[in-house]
Amino acid sequence: MLEKRYDHKQVENGKYDFWLKNQYFSTHDLNKPPFSIVIPPPNVTGKLHLGHGSDTIPADIIIRYKKMKGFDTMWLPGMDHAGIATQAKVAERLRKEGIDYHSLGREGFLKKAWEWKDEYANTIHQQWKALGLSLDYTKERFTLDEKLNKCVNKVFVTLYNKGLIYQGERIINWDPELKTALSNVEVVHKNDKGKFWYFKYPIVDSDDSLIVATTRPETMFGDTAVFVNPKDKRYKKYIGKYCINPANDEKLPIMGDEYVDISFGTGAMKCTPAHDPNDFNLANKYNLEKIIVMDESAHMNEKAGKYKGLDRYVCREQLVEDIKKKGLFVKIEDIEHEVGHSERSDAVVEPYLSKQWFVKMKPLADAVIKLQKSKKKINFFPPRFSKTMLQWMENIDDWCISRQLWWGHRIPVYYKNDGTILVSEEAPKDMSNYHQDEDVLDTWFSSALWPFSTLNWPNTNNEDYKRYFPTSLMVTGYDLIFFWVSRMVFQSLEFTKEPPFKQILIHGLIRDNKGRKMSKTLGNGIDPFEVIERYGVDALRYFLTTNSSPGLDMRYDEGKVEASANYLNKIWNSARYVLDILGDNFIPQEIPFSQLPMMEKYIISRLNLTIKNVTKNMEKYELGAASSHLYNFVYDDFCSFYLEASKLTNQSNETKQTLYKVLKSIVLMIHPYTPFITEEIYQNLPDHLKSIMLEFYPEYNAKTVNKVSVESANLLNKMIKDVRNYKVANKLAPNTEMNLTIISKDKSLLTFADYLKRFAFAKTVNFVKENPEQKGAIYTYPNATLVVNANIDESEVKKKLLIELEKMNKEISRSEGLLNNPSFINKAPKNKIVEEKEKYQKYLLTKKAIEDKLKN
RNA sequence: GGGUGUUUAGCUCAGCUGGGAGAGCAUCUGUUUGACGUACAGAAGGUCGUGGGUUCGAUCCCCUCAGCACCCACCA
């Protein structure tokens, strides 16, 4: 028996271990068609937050659904080493312990990092368990595993040999705090308040000067030219002359190039090739020297003369003061501009000339563009995100993949003492003449391989790879489209000739209840495990997947989690009632639909229509829409109406069988959303299997839908509501007994009497075929009239009837307008025309009933 | 500078390829049934952002404008 109260803790306790013990997540029936998902590997940087639920919970729901639909599902778990992020965290912890991580050396630090990884992997495992995720742990991977390292090396070497990886000296994004290069996507542009300084650059052998504006005066030590637009009438005459850099008094050539925007700033631009990507391009074009003026921590170097050793911003201030003293300062302007910050450290990124490894993106991106424009394209849900990815691909720069870190896949490049290099999957046997490149690869380099590296690639001749790759579906957030999704796609196309997944479901972000991003600095993050503690994981899962439409952000709303828990409580209690009615000796059996009474036909019909709608939406991964069909069925059709009505007939086998069937179907349908409570209820059903996880999803059966019964039941429901309304309107107690008369030629309405007595407190129910005089409130329906017999003012009754008549006339003329409109008849879809004709008939019948009453 | 999304009840949001707008919470009345007070019964609450267009018919499609949010981009 079920406990009296739905207690989520009691319900959830032990279930996950039970599933694990029975290997429901890891048993694969090879006779079934496969359905596979790989998890977006969470970073081992810390605990899971609410956002992780928006990947994993929808994925779990889909996996459980597909399993019940007869697929061999395989959901592969794993975690990401998260190079920069983890290294920063480990270094931070060491710092708190008073240890400078450099002092440990590479090996010593890595040992600490692995300890950290084990600790957080353990936490994450606990959390996956708490979320109820049906992950196949036998296939778990970690991005820094040896196996995956082999994949990474193979990919690197192959791309290198194809000329798609190269080493180059270019301007990259430098994080001066973490002292590493970053890729473009790891730079977050923020609108910062800055200043625009205007300085005079005196022209050599002249009294004139050029005024040049800059936002970063400290880089002036790296200036090698001043550019103007050759079309600029103001400055044309200076091209070929020299001016003096006010920072260091060096002579700078004044050069012309169309790149310069005449209308921006003063129209004269300083060129700092080693600290600005555009200037770098100009320098290449004109063969200018590239002078680096800072060290790796963004402190000024010897090129800055007396400012050497100063932080870039300190130098900036002092330099401006010194230029002022020279009389070369013109003015200062406040501006707002986009400034790049490191995604991880938030430090202002320094464009920095540096030797790094790059992936040549154009050919790889082109393959993705070609794929998405073909019939074999990956289906995005919602589709617009494909466009997001493509636009990025169309404007892509080469990818800087080397990082000056220790925690990561080390670059498989070996430098020989003689200056030659060896790019190889394996280290040379005799390392004495070699040293390996010190850098590691961008974390996303290995993440990009995840869908196939986890399935034993490059060994493609094995069951898992052949069966589960390409994976069926990816579920991830739109914030990862550039970082991860697009990179998985091009690497997969390049190395497996297949897309990494056939479909991808993109979700939005979870925000706080004010719509703000959850962040540590704001302290507005929600700990999912506190929510689980209070409301249960089923309620959290239900909340997270049913309150928004795909691709849109949602707000965390505790009230809705509570509402979810209430819904589950509703299902729980309906189950308690049904089980109580069924008793201990109940044996489930199929009763032919045609033999069922009207009410049973009605609820079975509605159940089938619900199965149809839910399934349709589940197939589209419209989890919110699917659940709302089920929700409405559970509340309105089942609990509020059928279950109550069943109290009159629940000793009959037909009713018992029906209650059982409907309850079981509901529990099965909602199981993917709320696995714990459904397992608990399921195991209390008669004739149950060992676990609900062995069950199949209810199937829609068009033969067990009967429209007449549905209409009949709806009419009864309407009558009950009308009587209740009558009492409220007349300030009568709800349980006031009334005499009712039903005027109808339809004999089947005789069965309404008992229900009306019970649920509308009818004292008597009289049936008459024609309309004899009846005093009281009158409610008209297409083929019946209900009279609540009472002594009421006749004129009031008449007034109400006239209002109803007018309403009906309006509907009739609307309907006639449509039906007499040839273009409607010609153009509208057939079913709409049929629908409208049916409505029209109903209106006419109702109108006639009203008119008959008015005659009396 | 490009691009995307969004604007529906007091609040948070649904609304399926166009056919008389729904839920949860909040509010107001009232407790009555063989499970549920985490409940039940009822009520109130919406010119579906603005202006146009297409259509027999528009919350939905097209255009305009406005507000809000986000993404991309090297403007010194």
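Throughout, a chain's letter reflects where its sequence line sits, starting with A, and its residues are numbered from 1. Model, not experiment: these values are computed from the prediction.
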Original post:
What integer distance in Å separates A:I481:CD1 from B:U4:C1'?
Top reply: 10 Å

**OP:** May I have the distance from A:R555 (atom CZ) to B:A23 (atom P), rounded to whole angstrom?
**Re:** 21 Å

Original post:
A:Y635 near the nucleic acid: base, sugar-phosphate alone, or nothing, with a heavy-atom cut-off under 4.0 Å?
Top reply: sugar-phosphate

Original post:
So what does A:A563 hit on the nucleic acid, given a heavy-atom distance under 4.0 Å: a base, only sugar-phosphate, or nothing?
Top reply: sugar-phosphate

Subject >> Proximity of A:F199 and A:Y201 rings by center, below 6.0 Å >> reply: no

Original post:
Can you find a donor-acceptor N/O pair under 3.5 angstrom joining the side chain of A:K647 to the base of B:A35?
Top reply: yes

Original post:
According to a strict under-4.0 Å criterion, is A:S628 in side-chain N/O contact with OP1 or OP2 of B:G24?
Top reply: no

**OP:** Pick the C1' atom in B:C48 and in B:C56, then give their distance to the nearest Å.
**Re:** 22 Å

**OP:** Scan every strand shown for a Watson-Crick or G-U wobble partner of B:C36, both distances under 3.5 Å, and answer none if you come up empty.
**Re:** none

Original post:
Within the structure shown, what part of the strands sits under 4.0 Å from A:Q651 by heavy-atom distance: base, sugar-phosphate, or nothing?
Top reply: base

Original post:
If you take atom types as modelled and just measure distance, does the side chain of A:K560 reach the base of B:C25 with a donor-acceptor pair under 3.5 Å?
Top reply: no

Original post:
Quick one: does NZ or CZ of A:R487 land under 6.0 Å from the six-membered ring centre of A:W399, within 45 degrees of the ring axis?
Top reply: yes

Original post:
Which base, if any, makes a Watson-Crick or G-U wobble pair with B:C13, both distances under 3.5 Å?
Top reply: B:G22

**OP:** When you get a sec, tell me which of B:U4, B:A35, B:U38 is the closest nucleotide to the side chain of A:R5?
**Re:** B:U38

**OP:** Please determine if a side-chain N or O atom of A:K4 lies less than 4.0 Å away from the OP1 or OP2 oxygen of B:A35.
**Re:** no

**OP:** Answer with base, sugar-phosphate or nothing: what part of the nucleic acid does A:C271 contact at a heavy-atom distance below 4.0 Å?
**Re:** nothing

Original post:
Mind checking who B:A58 pairs with, Watson-Crick or G-U wobble, both distances under 3.5 Å?
Top reply: none

Original post:
Partner of B:C68 by Watson-Crick or G-U wobble geometry, both contacts under 3.5 Å, or none?
Top reply: B:G5

**OP:** Check the distance between B:G2's P and A:L390's CG and give it to me in whole angstrom.
**Re:** 21 Å

Original post:
Just checking A:L643: base, sugar-phosphate only, or nothing, at a heavy-atom cut-off of under 4.0 Å?
Top reply: base

Original post:
Hey, are A:E533 and A:K9 close enough for a salt bridge, meaning a charged N less than 4.0 Å from a carboxylate O?
Top reply: yes

Subject >> N-O pairing of A:D580 and A:R576 below 4.0 Å >> reply: no

**OP:** Look at the side chain of A:N566 and decide which nucleotide, out of B:C16, B:A39, B:G5, has an atom nearest to it.
**Re:** B:A39

Original post:
Taking atom NZ of A:K290 as the centre, does the number of heavy atoms from other residues, nucleotides or ligands within less than 6.0 Å exceed 12?
Top reply: yes

Original post:
Angle class for the A:F381/A:Y621 ring planes (parallel below 30°, perpendicular above 60°, tilted otherwise)?
Top reply: perpendicular

Subject >> Enclosure of A:K620 NZ (heavy-atom neighbours >12, cutoff 6.0 Å) >> reply: yes

Subject >> Selected nucleotide, minimal atom distance to A:Y631 side chain, candidates B:C36, B:A23, B:G19 >> reply: B:A23

**OP:** Classify the nucleic acid contact of A:S564 as base, sugar-phosphate or nothing, counting any heavy atom under 4.0 Å across all strands shown.
**Re:** nothing

Original post:
So what does A:K727 touch, heavy atoms closer than 4.0 Å: a base, only the sugar-phosphate, or nothing?
Top reply: nothing

Original post:
Rounded to whole angstroms, how far apart are OH on A:Y6 and P on B:A39?
Top reply: 13 Å

Original post:
Where the side chain of A:E644 is concerned, which of B:C36, B:A41, B:G5 is the nearest nucleotide?
Top reply: B:C36

**OP:** Please check if the side chain of A:K727 supplies one atom and the backbone of A:L732 the other of a donor-acceptor pair under 3.5 Å.
**Re:** no

Original post:
Applying the side chain to side chain donor-acceptor pair (under 3.5 Å) test to A:K270, which of A:T219, A:N245, A:D279 qualifies?
Top reply: A:T219

Original post:
Given atom NE2 of A:H629 and atom P of B:G22, what is their separation to the nearest angstrom?
Top reply: 14 Å

**OP:** Would you indicate which nucleotide in B:A43, B:C36, B:U6 comes nearest to any side-chain atom of A:N725?
**Re:** B:A43

Original post:
Which part of the nucleic acid, if any, lies within reach of A:L579 when heavy atoms closer than 4.0 Å are counted: base, sugar-phosphate only, or nothing?
Top reply: nothing

**OP:** Measure from the side chain of A:F759, starting at C-beta and using heavy atoms only, and say which of B:C56, B:U33, B:U6 lies closest.
**Re:** B:U33

**OP:** Could you state the atom-to-atom distance from NZ of A:K731 to P of B:A43 in whole Å?
**Re:** 14 Å

Subject >> Rounded distance in Å - CG (A:D479) to P (B:G5) >> reply: 18 Å

Original post:
If we call it a pair only when both distances are under 3.5 Å in a Watson-Crick or G-U wobble match, what pairs with B:G42?
Top reply: B:C28

Subject >> Touch class at under 4.0 angstrom, heavy-atom based, for A:N613 against every strand present >> reply: nothing

Original post:
Out of B:A14, B:C56, B:U32, which nucleotide sits closest to the side chain of A:N735?
Top reply: B:U32

**OP:** On the 0 to 90° scale, with breaks at 30° and 60°, tag the A:Y635-A:Y631 ring pair as parallel, tilted or perpendicular.
**Re:** tilted

Original post:
Out of B:G19, B:C36, B:U38, which nucleotide sits closest to the side chain of A:R576?
Top reply: B:C36

**OP:** Have a look at A:F761 and say if it touches a base, only the backbone sugar-phosphate, or nothing, with a 4.0 Å heavy-atom cut-off.
**Re:** base

Original post:
Atom CD of A:E622 to atom C1' of B:G15: distance rounded to whole Å?
Top reply: 11 Å

Original post:
What string of B, S and - do you get for nucleotides 69-76 of chain B, 5' to 3', when a contact is any protein heavy atom under 4.0 Å?
Top reply: --SSBBBB

**OP:** Describe the nucleic acid contact of A:A828 in one word from base, sugar-phosphate, nothing, applying a heavy-atom distance below 4.0 Å.
**Re:** base

**OP:** Classify the nucleic acid contact of A:R724 as base, sugar-phosphate or nothing, counting any heavy atom under 4.0 Å across all strands shown.
**Re:** base

